[in-house]
Amino acid sequence: MRKAFVVPDKWKWFTESRYGLFIHWGPYAQWGRGEQVLFREHLNHEEYAKQACAWNPEHFDPELWAYTAKKAGFKYACLTTRHHDGFCLWDSAYTDYSSAKQAADRDFVKEYTEAFRKAGLRVGLYYSWIDWRLPAYFDGPQKDPEGWERVRTYLHNQVKELLTNYGQIDHFFFDGVWPRNADDLQSVELLEEMRKLQPNIIINNRLGYSNKIEGHRADGGIGAGDSDTLGDFGTPEHAIASEATRLWESCQVTTWRLWSHVIGERWRNTDVLLDMLCECAEKGGKHGGNLLLNVGPTADGQLPPEFVERALEIGRWLDVHGEAIYGTDGGSLTEFITRGRQTMKDNKLYLIIRFWDGRPELRLADLTSRVLDVELLTTGQSLPFEQDGDTLIINGLPREAPTRLFPVIRITCDGKPTTNDWGEYRLWEGDPERVAAWARERRGGSVYVDGRER
């Protein structure tokens, strides 16, 4: 039996945050067709490198990025320091293929870390294992042992460089393991060195699997992960998948599919993006449940206006309703899918209303705690209520939704909110006898209208 997971004090900021900004930015933005355009379209390597080296984003303003992120309610950010194309956004001692040694002549990682830290945001870095320019990465130690050793040394040196030259790094996101594994990469050994350099860092699970060390396994983003020993948090990608024994963070795009700037990409609506944040918080429990929401800045360094509009609208919602998201212990206490989502904090239960029906009354079943107060958090209005056993009836709701996004009702109980079997076990869960007993007690057992046998 696995021991119950306890969040160390050094990582409690992560569970308090719930909301981070992912930034996919690099010379690939010049093509406007996604961060993987080099590989997806099989572009000429030399021509790509020439244009990458000429990249000079004159409008990059990291302080404006950080200001916008702060206003939008993000608590931390993660920047792609080097994606699969191999181009580095910092002044690396191990290559000249970087923004610092080419046309831009700027260390973007340095500027980013300083600006976001100054704004009071936690700082994260993304680093790709894979490098499409290097045949030895794909040949691996079996086909090219000498070439592979050079590549692995290069990767390790760059990671340690990032954790040495830019102050405190709170969050680290590896990506692109395939086709290598943890034994090839020596990722377990690298993690030990990373923790010596940054004792408080939290590192994701995209570290490959190990055939040599039992229990050391992590996926590449399909789900939260299947190991609680390799990496500190799971990283479901384009999905929200909770994990009971480890922190987790769902990474999602603000567009329909691609991560970096894409000309003509479609944008998700604000309510869809906010709902992803609420779902992560609802499913989180004390073990994570964060949303890492992505933006792909333009080639010249600007945040797309479509992103800014949506992000700031969510930020304004969080200004009023943030207590239902930040630092919550997850929710889904009772069956509430017909209305929306739930989160909890201390003795409070938050009802996040996705579907506002304009009726003055709301019925909440299966809340066994004694209720002390009910408030429409959106407006500050106190709401009358009646409690009959484990059923709570809330009255006085306005006909018109008090916000274009999701109104929130805060229920204050006399202790931590609790529920019954119906709340704990939902439609497809638990002992089916409870459903049989409910049907038997309320109507009988016959197929006829009156429930009586013929």
Side-chain angles (χ1 to χ4, degrees), residues 24 26 35-36 38-39 78-90 92-95 97-98 109 124-165 169 171-199 201-237 246-249 251:
H24 274 72
E35 70 290 345
Q36 298 184 20
L38 171 61
F39 176 79
C78 182
L79 173 70
T80 51
T81 66
R82 200 209 76 188
H83 211 271
H84 309 331
D85 64 344
F87 190 88
C88 303
L89 300 193
W90 77 98
S92 177
Y94 303 101
T95 182
Y97 197 47
S98 72
V109 171
L125 302 178
Y126 164 110
Y127 183 82
S128 170
W129 294 108
I130 205 171
D131 189 330
W132 285 322
R133 304 171 305 147
L134 307 179
Y137 186 89
F138 303 94
D139 288 336
Q142 289 75 34
K143 293 183 179 180
D144 183 3
E146 292 184 6
W148 169 249
E149 185 58 36
R150 288 193 298 270
V151 168
R152 182 171 59 194
T153 299
Y154 173 69
L155 299 175
H156 282 221
N157 283 340
Q158 285 205 316
V159 170
K160 289 183 283 186
E161 186 176 52
L162 287 168
L163 298 186
T164 301
N165 297 340
I169 303 301
H171 173 280
F172 204 92
F173 194 110
F174 282 106
D175 194 20
V177 174
W178 181 89
R180 306 274 63 90
N181 61 32
D183 300 327
D184 295 339
L185 295 165
Q186 294 185 358
S187 57
V188 176
E189 293 82 353
L190 178 59
L191 256 61
E192 293 178 1
E193 297 184 66
M194 293 173 70
R195 297 194 197 285
K196 289 178 184 177
L197 293 171
Q198 298 277 349
I201 198 169
I202 186 167
I203 303 167
N204 78 333
N205 67 321
R206 300 189 184 189
L207 303 163
Y209 64 88
S210 173
N211 291 319
K212 297 178 181 179
I213 306 173
E214 184 178 357
H216 281 59
R217 185 175 181 86
D219 72 18
I222 297 172
D226 59 4
S227 165
D228 59 359
T229 57
L230 187 53
D232 306 320
F233 64 96
T235 53
E237 182 173 322
R246 184 172 54 184
L247 302 170
W248 58 273
E249 173 191 77
C251 48

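Each residue takes its place number in the sequence, starting with 1. Predicted model only: the values in this text are computed from it and were never measured.
The two residues M194 and I203 make their nearest non-hydrogen contact at CE-CD1, 3.8 Å. Minimum heavy-atom separation, G147 to D144: N-OD1, 2.9 Å. Closest of all the heavy-atom pairs between D131 and F138 is O-CE1, 3.5 Å. Of all heavy-atom pairs between P141 and R180, the closest is CD-NE, 4.0 Å. Minimum interatomic distance between D183 and N181 (heavy atoms only, all atoms of both residues): N-OD1, 2.9 Å.
In summary, R195 and D232 engage in a salt bridge, as defined by a charged side-chain N under 4.0 Å from a carboxylate O. With salt bridges taken as basic N to acidic carboxylate O contacts below 4.0 Å, one links R206 and E237.
Partners of K160 under the salt bridge (charged side-chain N to carboxylate O under 4.0 Å, His left out) rule, at least two apart in sequence or in another chain, are E193. Applying the salt bridge (charged side-chain N to carboxylate O under 4.0 Å, His left out) test to R150 and every residue at least two apart in sequence or in another chain returns nothing. Not a single ring-ring contact (aromatic ring centres under 6.0 Å, His included) links Y127 to another residue, sequence neighbours left out. Partners of F39 according to the ring-ring contact (aromatic ring centres under 6.0 Å, His included) rule, which considers only residues two or more places apart in sequence or in another chain, are W132. Residues forming a side-chain hydrogen bond (donor to acceptor under 3.5 Å, both in side chains) with E161 (at least two apart in sequence, or on another chain): W90, S92.
A ring-ring contact (aromatic ring centres under 6.0 Å, His included) check over residues 144-165, counting only residues at least two apart or in different chains, returns the pairs Y137-W148.
Looking at heavy atoms from C-beta onward, T95 lies in side-chain contact with C88 at the 4.5 angstrom threshold. Using a 4.5 Å heavy-atom cutoff, the side chains of V177 and L185 are in contact.
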message: For R246 and N205: C-alpha separation, side-chain torsions, deciding distance, then whether side chain to side chain contact (heavy atoms under 4.5 Å, CB included) applies.
response: CA-CA 10 Å; R246 184 172 54 184; N205 67 321; 3.9 Å; yes
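Without hydrogens or angle criteria, S187 side chain to L207 main chain gives a donor-acceptor distance under 3.5 Å.
Residue Q142 qualifies as enclosed at atom CD: its count of foreign heavy atoms under 6.0 Å is above 12.
In this structure, T80 OG1 and R82 CZ are separated by 11.0 Å, a value rounded to the nearest 0.5 Å.
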